[in-house]
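Here the structure is laid out as structure tokens; the discussion comes afterwards.
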Amino acid sequence: MIEEIKKVEEQWIKEQLELKKKLILKNELSFNPETLENLKRIGGVDISFFKEDPNKAVASLIVLDYPSFNIIYEDNEIVPLTLPYIAGFLAFREVPAIEKLYKKLVEKDKENEESKLPQVIFVDGNGYLHPRQFGFACHLGVILDIPTIGVGKNFLVIEDGVEMSMSYVKNKWKTETLPQHKDRQPLIGKSKTLYGYAIKSNETTTNPIFVSIGHKIDINTAIKIVLKTCVKRVPEPIRQADLRSRKCVREILKSHK
DNA sequence: GCGACAG
DNA sequence: ATCTTGTCGC
């Protein structure tokens, strides 16, 4: 059993490295990265689970108007999740469901007079901040061929010197920075790789969010948009997707019993 | 060998 | 991810 999982992980690592060849680290955006002029639509995705059914979940894709944060598109769907969650391989579990919702939006969008396609998608999980620099956000971005930004609420330990250990990052956040609003702390490993930033996204929050690039966007532009969209600790597109998918889980549970 | 471990 | 209300503080 343990051996089987090891084999699967080996295969998944190969797939990650193969897809990583398509990863684009520079801006390829339909808006101005300096001024954010022409940025109108930001997507957010999230998945909420049924506590009693580990294989069933609600996936949500929402699109917000920028800068009003009005929801201009929302889609929630019950999806089967067959694969387990394994740290470092989150994308294999969640990408298929999100991909399905996105393709549904692309189809619907052909009938729309004004496009509702997101110009960038916020992902609930890391991108470049990953053992092989190819987390969920990168994976989704490459698959959909759309700019993505990864946002983690918890730090993912990466083996790249003490600089990327949990205790080092947490301690540095607590002691060295004494974070002010919008303060950021670069996450750089012993190899000099810049994985992303820990950011104090709101005046009232003490814990940082961990921002990394996904696809077709650079880290400075990603951070700029993150700070513009953080009404709360988590960027609004992700927070809304989270709220909507949870609400669906609650209502389905209620109507079913 | 043991522990750590995005969602 | 999920179990979960009130409550402390500005």
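Below, chains carry the letters A, B, ... as their sequence lines are ordered, and counting in each starts from 1.
In this structure, CG of A/D242 is placed 12 Å from C1' of C/dT2, rounded to the nearest angstrom. A straight line from CZ of A/F155 to P of B/dA6 spans 10 Å, rounded to a whole angstrom. The CG-C1' distance, from A/L83 to C/dA1, rounds to 16 Å in whole Å. For the pair A/M164 CE and B/dA6 P, the computed distance is 13 Å after rounding to whole Å. For A/I149 and B/dA6, the CD1 to C1' distance is 17 Å, given to the nearest whole Å. Separating the CD1 atom of A/I47 from the C1' atom of C/dT2 is a distance of 15 Å, rounded to the nearest angstrom. One interatomic measurement links the two molecules: NZ of A/K153 to C1' of C/dT2, which rounds to 13 Å at whole-angstrom precision. For the pair A/L81 CG and C/dA1 P, the computed distance is 14 Å after rounding to whole Å.
A/G152 comes within 4.0 angstrom of the backbone, heavy atoms only, and of no base. Using a 4.0 Å heavy-atom distance criterion, A/G88 is classed as a base contact. Within the nucleic acid shown, A/F92 has no heavy atom closer than 4.0 Å to any nucleic acid atom. Across all strands shown, A/Y85 has heavy atoms under 4.0 Å from base atoms, whether or not it also approaches the sugar-phosphate. Here A/F210 lies out of heavy-atom contact (under 4.0 Å) with every strand.
Side-chain polar atoms of A/N76 and A/E74 form a donor-acceptor pair below 3.5 angstrom. Between the side chains of A/T205 and A/N207, no donor-acceptor pair of N or O atoms lies under 3.5 Å. A/S60 and A/D46 share no donor-acceptor pair across their side chains, judged by distance under 3.5 Å alone.
If you check C/dC3, B/dA6, C/dA1 against the side chain of A/D124, the one that comes closest is C/dA1. Residue A/L90 has its side chain nearest to B/dG7 when only B/dC5, B/dG7, C/dC3 are considered.
Stacking between A/F136 and the base of B/dA6 is absent under the criterion of ring centres within 5.5 Å and planes under 30 degrees.
At the phosphate of B/dG7, OP1 or OP2 sits under 4.0 Å from a side-chain N or O atom of A/N154. Close to B/dA6, at under 4.0 Å from its OP1 or OP2, lies no side-chain N or O of A/R93.
Summarising the local packing, NZ of A/K232 is surrounded by 12 or fewer heavy atoms from other residues, nucleotides or ligands at distances under 6.0 Å.
Cation-pi check for A/K40 over A/Y66 is not met; the charged atom does not lie both under 6.0 angstrom from the ring centroid and within 45 degrees of its normal.
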